[in-house]
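Please read the structure below before turning to the comments.
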Amino acid sequence: MKRSILTFIGILVGVYVIFNLIDSRSEYVAEKIIWDTNQKLAKAARNPEAIPDNVYAQYAAQYSKVIKQFGRTSLAPRAAILLGDVYLIKKDNTTARKYFQEIFKLYPENKEILAEAAMSIGKSFEFENNWGEAEKYYEKILADYPTTAIGLNVPLYLVNHYRAVKNAEATAVATERAIKMYKNMAAHNATTPLGIKALNNLTNLYIALERWTDAVDTMGSILIKYPMRNTAPIMIKGINQISLMYLSDSTKAVAIYEDFIKKHPKHPLNDPLKKMIDSFNTLKSQNVKIKVEEKKP
Amino acid sequence: MQNKPNLTPVSLFKAAINTYLSNPIILLPLILLTFIQLLILELLYFYPRYPLLIIFKPIVTRIWGEMYLHYPFNFALLPELFSRLQVIIYVLVGAFLNAVTVEIIAAVNSDRKITFSSALRKTLGRYVHILVYAALSIGSLIGLSKIYGLLIQRAMKIGSETGILAAIKNTIIYGAPGAELLIGIIVTTLLAFTLPLIIVERRNIFSALAQNFRYILRSFIFVFLLVLLPTIIYGLILLLRSPFMAPISQTIPSFQIFVLISSILLTIFIDATVLTATTMYYLHIKENK
């Protein structure tokens, strides 16, 4: 029996070794290295000063390993960003920027990653209170990678920054530019996901600026142009909330829903929308207003 | 039937352990079954990687989603994949190897000389009956689990957060792993003598089932305790699978593998003890008939 047990163990070990050898350079192995290192890095980020330099060097070595040994996988560019992040967490901004800059040479065709690298360089300058340098990189994103996920958020990011530092003039300029960019992008990409993303960001911008009527109008156009199952309920909820809580006027919401029903006569949401129109009209006839209490400081 | 005054579930439990420890050949079919299960688990461990990815990619993507082909989500799917394959392994091979174990126990009990290969050959002739028994046994287990699932669904609808209704709701929902174990114990008890009857008396499945129920009706509590005693240890696995262990699974995804391997290894002990004890008890009943 001992021989049988040893044979079974031998087969199990052999299979393990063979399968590991067959597939030692795959995306899965890279995923494991990245996930394990990310976990450790996330812990380090909670108290970066307490982590010794050699530990940061170990994390960096893991990401470098993915870049070098798994260069053909789609995870190598992600590892390159994470390598820079190690030094951002360590608060060694100069080294972090060196690694982010390398990404421009390593992956010149990957616009999403290049935009992310530029954003991280910008952030590293912000950590040093150097807005002037940071802004250059944000402008670079707007010029070179405006349609990437990061690029799409930069106009909103700039508006929020200027509002946070209470620079009214810069806020106005950034806002005007953001609105123009999002509207242009939505108009030129109406049939692609970029169109809806641009309109969503425009809505978020209006909400941040408390321009409630513009926010409802934009959500209304998203609802009518993109009546998909995953977006329509979110838009309807947003329109209802803003109309009741901030505008205290349901005229716009009712007009949007009537227009929606007219343009999409067979849409499954038409019955609930008709009920909502009735409810809004009842609230209006009874002059019901919802008051939003201001947050106590 | 009347039990001898000194024959208790505990004494039979001890006698069963002593029997297979002094006759390790009894364990050989179960060790082979363990090896098969570990090999399947090992192959499943490699499913998100080449070359197994070629087979698993379309299946996993279609049924569970593409994310389960990536680390660490594959570990979340692994127990589900393994339990599905375990059903197939049990029906096709597991029940047969259990039957081989019964054949060896019966031979050991009557001081007959037996080898693993001769037991295998002898049992092979009963394969069809064993296959039907396995399908019936696993079908009952799945059926009862589904009924318990319906009970959970009903409990979820209970709105109370306090009082007796809330207590019932929480017991049904949080007691699910324990209830599954109890269902397993009851099914094993109800069919306890079927395999010995198929193997020792060479009965066909229907006659074996009928005779099994006649025996069980007279000794349900005794056999239930006989099955329960070794199975209690499986509580350790339930503990490893409990929500208290969720933080470990989240930080160490491969913890799932550890739980599955522990479960497989522990099952050798449980199966060996239950099979030896119930077969010995069956032989005792037969002798005293």
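This one's a predicted model, so the numbers in the text were calculated from it and none came from an experiment. We name chains A, B, ... by the order of the sequence lines, and we start the count at 1 in each one.
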Checking [Y] against [X]: is there a side-chain donor and acceptor pair closer than 3.5 Å?
| X | Y | result |
| --- | --- | --- |
| B/Thr115 | B/Ser118 | yes |
| B/Tyr20 | B/Thr273 | yes |
| A/Thr203 | A/Asn200 | no |

* With respect to chain B, which residue among A/Val29, A/Ile11, A/Leu12 yields the maximal number of heavy-atom pairs within a distance under 4.5 Å? ->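 With the most close heavy-atom pairs to chain B, the winner is A/Leu12.
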
* To do: Only one of B/Tyr45, B/Tyr71, B/Phe46, B/Tyr47 passes ring-ring contact (aromatic ring centres under 6.0 Å, His included) with A/Tyr28; say which it is.
  =>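 Checked B/Tyr45, B/Tyr71, B/Phe46, B/Tyr47 against A/Tyr28; only one passes ring-ring contact (aromatic ring centres under 6.0 Å, His included): B/Tyr71.
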
* **Closest non-hydrogen atom pair, A/Thr73 against A/Ser26** =>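 Minimum heavy-atom contact is CG2-C, 4.3 Å.
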
* To do: For B/Ile26 and B/Thr101, work out which heavy atoms get closest and say how close.
  =>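 Reported closest heavy-atom pair: O-CG2, 3.5 Å.
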
* Ring centres of A/Tyr87 and A/Tyr56 under 6.0 Å apart? ->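 So the answer is no for these two rings.
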
* Asked: In residues 48-56 of chain B, which residues are in contact with chain A at a heavy-atom separation under 4.5 Å?
  ->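 Only B/Pro48, B/Arg49, B/Tyr50, B/Pro51, B/Leu52 of residues 48-56 of chain B have a heavy atom under 4.5 Å from chain A.
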
Can you give me every donor-acceptor pair (side chain of residues 39-54 of chain A, partner residue at least two apart or in another chain, under 3.5 Å) with its distance?
from    : atom 1 : to      : atom 2 : distance (Å)
A/Glu49 : OE2    : A/Lys91 : NZ     : 2.9

* By a 4.5 Å heavy-atom criterion (distance strictly below it), what part of B/Leu43 contacts chain A: side chain, backbone, both, or neither? ->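 Side chain only.
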
* Asked: Relative to chain A, which segment of B/Phe73 carries a heavy atom at a distance below 4.5 Å: side chain, backbone, both, or neither?
  ->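 Answer is neither: B/Phe73 stays 4.5 Å or more from chain A.
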
* To do: With a 4.5 angstrom heavy-atom cut-off, could you sort out which part of A/Ile9 is near chain B: side chain, backbone, both or neither?
  =>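 Contact with chain B involves no heavy atom of A/Ile9 at all.
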
